[in-house]
Amino acid sequence: MKAMWFPVLGILLAAGTLRAAGGKKMNVILVMADDISAREFPYYESTTWTGERRAKTPMMDRMIDGGGCFVETFWGSTICKPSRVQLMTGTYAYQNKYWDNKHIGSDCWNVYSGYESAPITLGRMSRDAGYANIWVSKNHIGAGGDVLSFGFNECVFDPAEPARHMGWNPFGTPNTNPYPIFRTANPEDWDHESFFWWPEIQLINHPDFPDEPFKFVKTEINDYAPDLEMEYIFDFMERSKASGNPFFVMHHPHLGHLARDCAIPGTPTVWPGTPEIEWKNGKYVRKEPKHIKNNDGTYERINITPAGLSYHVEYLDYHMWQYVEKLKEMGELENTVILFFADNGTQDNAGHFGKARITQQQGQQVPLMIYAPGVKSLRQGRLPVFADFTDMLPTLAELMGFEFPENYDRLDGKSLWPYLTGKSKKHRDYIYAMRIDAQMIRNDKVMKDGEGTWYDVNKRPGDYHSFTRLEDLPNGEYKNMLLAEKAKLEPELKKYALYDTDSEAPLPSPDADKDGIADWFEQKFGPLNPDEDPDGDGIDNFHEYIHGGDPRDPKLPTAAQLPHQVELTDAQGEYTGIEFQRLEELGPDYWFVIEGSADGRSWSTDGVMQQHTRRSLGNGMERIVARVAADRNKTSIAELRVTVKKPRKRQPRKFVNLLKKK
């Protein structure tokens, strides 16, 4: 079979694609820290920060002074999952249905994963643009193998992603971590498993383990997850360069996140200490950490810092130094763009500031630094501009040379690249954030926080948050000007305020007799028994509906609509997969199982838990291309087929509101 590009969602080589010397596409490294406000980084020059000890970031300072820049006002969501889905899809919650960590459109069969809400994700876009890509460290918006459907061909996760469903596990990959781990609290709560010391490390689709697509790696107590992450990333970068492909690293370290630490008596929730580092003579020196177990079960620590957020910030700075030094060694520094930011504000232990808060811009304002020494047109220093997470996908698409289809209507963001490179003087009219039913919006003059208070943001306060309220301004021309700006923004909020009315994943069409076939289809063709095949084409009535066929016509569905095996290629090699068409209206409730055999062994695996891409054909049908993530070029897979399963009944939605209704 002839190889096909997987899958074509846009034009791969756009006019004006950013190129490095020799015509090569620029590499991209995207680092997103966890729960760290902009005020924690010295270059933002905030008058307040968390804790008594302020972090030092000599490497980031050097990067900014050496041709880099940082955005003064960059918004994520106020909490983790919504920010991460915004990053992946370029959409706000009214489209992706991620309203909060526990309030997502998830009442369908499994979980309404971020890739279900938008056909073009950050992973798929980069892969279709010809990039080798990898996703490292924190996931938190998927489970188990379904992370591959975001479009990343390799993953390194900590904690691991052991979730499986039904028949998945054709090659004997364990469903749970087989090694003793350094658990620090309730093992059912992933937030408190070890993602720092003695971590769970899981490799997904790593080339060294072709027979174990979900490989668990044995670790020891002195292993520090952020260090292991960098080792895997550098190996990936080297392999990608050797293959001749540009690389995209999406690195989501847990640094900044609170965790329990049983090396400290009482296992408090803290920012666990990091290995000690020292900035000396323009470079970092890392000391070798060591735990020595005491008789009472606690640990004496050597070359490990005290608990504290500032040490996490400094270790991120150490990572920036590692990246730059590695790129120099590879000869790729001038060919690489590095972006650094965080997902949401600092998680204040006392709960008085930051993460999940909707007051002012406490929960959503995070840092954004860009470093691209090979892009001579890049603006430098502090940039008095505002942007948000939905801008990242279109920004990287422009940088990587990917054009979205003309009719693509899912994007809420706008590329920041023209502003960053001096081609435009303004970025966008406003930015937006939310949490559940609370909405936040701002432009360069006014801001509304989630509690409904409007502020004058013409002058930035020292702490980035204590703006003057509009109602406290004296009446006059200046206040009237701001009230006019407020009037411009208020209508924009209405299209996003769907939490109470449209917060769910798409529902399937009505099906009164619950046989899996929509009422409209049975009204068109008469009452149908799902298991019968009246036209004798080998396709029962249920699958006639799924694939847009006609139960009276043996020529429908066509061969193109039915599952068939294909060979496909991308930036990281050739794969076996299947392609088929199904009605778009089915949504995530109708799920499919991929069945086949490998090495003579029969197996089946959840279709939702496989790497797949959906694309509308514009005629009520969508094209599905699903690779077999487990095979890693295994030619022994003799056959593949798809079985579509009927949807399960959804559970009633439970709404939680932050705001008191008047």
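- Between Lys448 and Glu492 no salt bridge is recorded (no basic side-chain N to carboxylate O distance below 4.0 Å).
- Under the rule for a ring pair (Phe, Tyr, Trp, His ring centres under 6.0 Å), the partners of His251 that lie at least two apart in sequence or sit in another chain are His319.
- A salt bridge does not link Arg442 to Asp449: none of the charged nitrogens lies less than 4.0 Å from a carboxylate oxygen.
- Of the listed residues (Asp223, Asp227, Val217), just one forms a side-chain contact (heavy atoms from CB on, under 4.5 Å) with Pro199, and that residue is Asp223.
- In summary, Arg428 and Asp391 engage in a salt bridge, as defined by a charged side-chain N under 4.0 Å from a carboxylate O.
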Worked verdict on Thr50 versus Trp271 for side chain to side chain contact (heavy atoms under 4.5 Å, CB included): CA-CA 12 Å; Thr50 300; Trp271 290 282; 3.9 Å; yes

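- Looking only at atom types and distance, the side chain of Arg84 has a donor-acceptor partner in the side chain of His252 under 3.5 Å away.
- Side chain to side chain, Asp388 and Gln86 fail the donor-acceptor criterion of an N or O pair below 3.5 Å.
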Stepwise side chain to side chain contact (heavy atoms under 4.5 Å, CB included) check, His312 with Phe196: CA-CA 11 Å; His312 284 219; Phe196 291 118; 3.6 Å; yes

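- Taking the six-membered ring where tryptophan is involved, the planes of Phe248 and Phe152 are tilted, since the angle between them lies from 30° to 60°.
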Step-by-step ring-ring contact (aromatic ring centres under 6.0 Å, His included) determination, Tyr315 to Tyr224: CA-CA 12 Å; Tyr315 218 76; Tyr224 189 58; 5.4 Å; yes

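- The neighbour count for Lys494 NZ, taken as heavy atoms of other residues, nucleotides or ligands under 6.0 Å away, does not exceed 12.
- Checking Ser126 against Asn133 by side-chain atom types alone, a donor-acceptor pair falls below 3.5 Å.
- With a 6.0 Å cutoff to the six-membered ring centre and a 45° limit on the axis angle, Arg410 does not count as a cation-pi contact of Tyr408.
- Listed by chain and residue number, Tyr432, Tyr496 satisfy the ring pair (Phe, Tyr, Trp, His ring centres under 6.0 Å) test with Tyr92 (two or more places apart in sequence, or in another chain).
- Side-chain atoms of Gln95 and Ser117 form no donor-acceptor pair, as typed in the model, at a separation below 3.5 Å.
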